[in-house]
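When a ligand or atom number is given, it counts from 1 through the structure's own listing order.
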Amino acid sequence: MSSNDKQGFGTKAVHAGVAPDPTSGAIMTPIYQTSTYVQEAPGKHKGYEYARTQNPTRDALQASIAALENGKYGICFSSGLAAMDAVIKLFQTGDDILCGNDLYGGSYRLLTKVYGPMGIKSRYIDMTNLDLLRKSILPETKLIWLETPTNPTLQIFDIKAICMVAKEKNIPVAVDNTFASPYLQNPLALGATIVHHSITKYIAGHSDVIMGGLIVNDDALAERLKFLQNASGAVPGPQDCFLTLRGIKTLHIRMDRSCENAMRLAQYLQNHPRVGKVMYPGLKTHPQYTLAASQMKNFGAMISFDLKDDSMDAANKVLGGTKLFSLAESLGGVESLIGHPASMTHASIPREQRLASGLTDSLIRLSVGIESYEDLEKDIEQALK
Ligand SMILES: *Cc1c(COP(=O)(O)O)cnc(C)c1O
């Protein structure tokens, strides 16, 4: 079944990229578990030569994620970080990448610990401040990289406004759209050049796959990224592509339920006597509520909150007390997770720097899943006691 821009998201989620298999009519794209393809004569083949370069299961998935972002090209990698790695490899020693100041820890590590020593510079600024952004762009700045909503403080950056500033200087903008998912936010339509996803999270959605993806419209850029995908070789396997295609079919339904659960839980937390600050873009008290409401279709399913007793100890009691929320890193699956950034995902950041960015000792992060809401609330209620 083909898809087009006029179709609704749900139709694209179910059909885009997926055509009945030509050999049998199988409605589901088969798992092409093969490393190579037999040629009729040297150089005479069906478009497939070697599976690092092309695989039909991967092709279906790449077409699907491109359609979900209303983009022309989708390119998948063996992890979200491998996808980001391909983007950084577009640049050279002496180039500068200007980033939002609240990046996924692994993205920060890749930039500073792998590419920094190789001479690709990265700097981190508050992207809510457009004047600062304008002033921070240097002649050697070649890319702006940002995430919105951010992790774990759930700030919202204005993608359209940032892209307009970048355009004045002809600099491409890459948006890590993992937290929003393509259902809630489409950065290409707002002026971005590259959309990045950790497919591991909402897109695959079932906590059983590690994968990344890039979506772009520019022909030459797509060509270069496909070259890097093949030349560096961090490709996803066909079984993972199949699982992701299956996950995508319910992306819109999962997101609807997760967002609904998250909104109710954020409101519940806001009224709880032991809870301090609740960070959720869907609350009117969120400093960028209006921007979130216009930039996103819904407010997402990540919530951060801290405790009035702002100590690691108090947080640990809550983290140890949940039965339904599992204590784990990651997010975006059907099951709800709870985490403590100060001692888990963000432990490597010095305490003063953490506190300055609003990441307090007792800050707890929730990835709200699709369970029955009442059970989620009960679980948090008994853990807060
Ligand atoms: C998880 C994550 C990544 C990294 O993706 P992997 O699939 O784990 O390599 C990048 N950005 C964000 C926002 C993430 O949550």
- Subset of ligand 1 atoms that lie under 4.0 Å from at least one heavy atom of M211: 7 (O)
- Worked check of side-chain hydrogen bond (donor to acceptor under 3.5 Å, both in side chains) between N186 and K297: CA-CA 10 Å; N186 299 120; K297 192 168 158 193; over 6 Å; no
- Check whether L269 and I338 end up in the same hydrophobic cluster, where Ile, Leu, Val, Met, Phe, Trp and Tyr are linked by side-chain heavy atoms less than 4.5 Å apart. yes
- Closest protein heavy atom (residue, atom, distance) for atom 14 (C) of ligand 1: K201 NZ, 2.9 Å
- Item | Min side-chain heavy-atom separation K226-Q62 under 4.5 Å | no
- Please examine the side chains of K160 and Q295, heavy atoms only from C-beta on, and report whether any two atoms are closer than 4.5 Å. no
- Item | Cation-pi, Y104 ring and K201 (6.0 angstrom, 45 degrees) | yes
- Query: Who's the nearest protein heavy-atom neighbour of atom 7 (O) of ligand 1, and how far?
  - Reply: T200 OG1, 2.7 Å
- Task: Nearest 0.5 Å please: distance from the OG1 atom of T148 over to the CE atom of M296.
- Result: 7.0 Å
- Task: Report the nearest protein non-hydrogen atom to atom 5 (O) of ligand 1: residue, atom name, distance rounded to 0.1 Å.
- Result: S198 OG, 2.9 Å
- Task: Provide the number and element of each atom of ligand 1 under 4.0 Å from a heavy atom of S79.
- Result: 7 (O), 9 (O)
- Message: Only heavy atoms of D176, strictly under 4.0 Å: list the atoms of ligand 1 that pass.
- Response: 10 (C), 11 (N), 12 (C), 13 (C)
- Item | ligand 1 to L81 polar contact by distance, N or O atoms, under 3.5 Å | yes
- Is any side-chain N of the basic residue among R134 and E168 closer than 4.0 Å to the acidic one's carboxylate O? yes
- What protein heavy atom is closest to atom 4 (C) of ligand 1, reported as residue, atom name and distance in Å? Y104 CE2, 3.4 Å
- Task: Please write down residue, atom name and distance for the protein heavy atom closest to atom 6 (P) of ligand 1.
- Result: G80 N, 3.3 Å
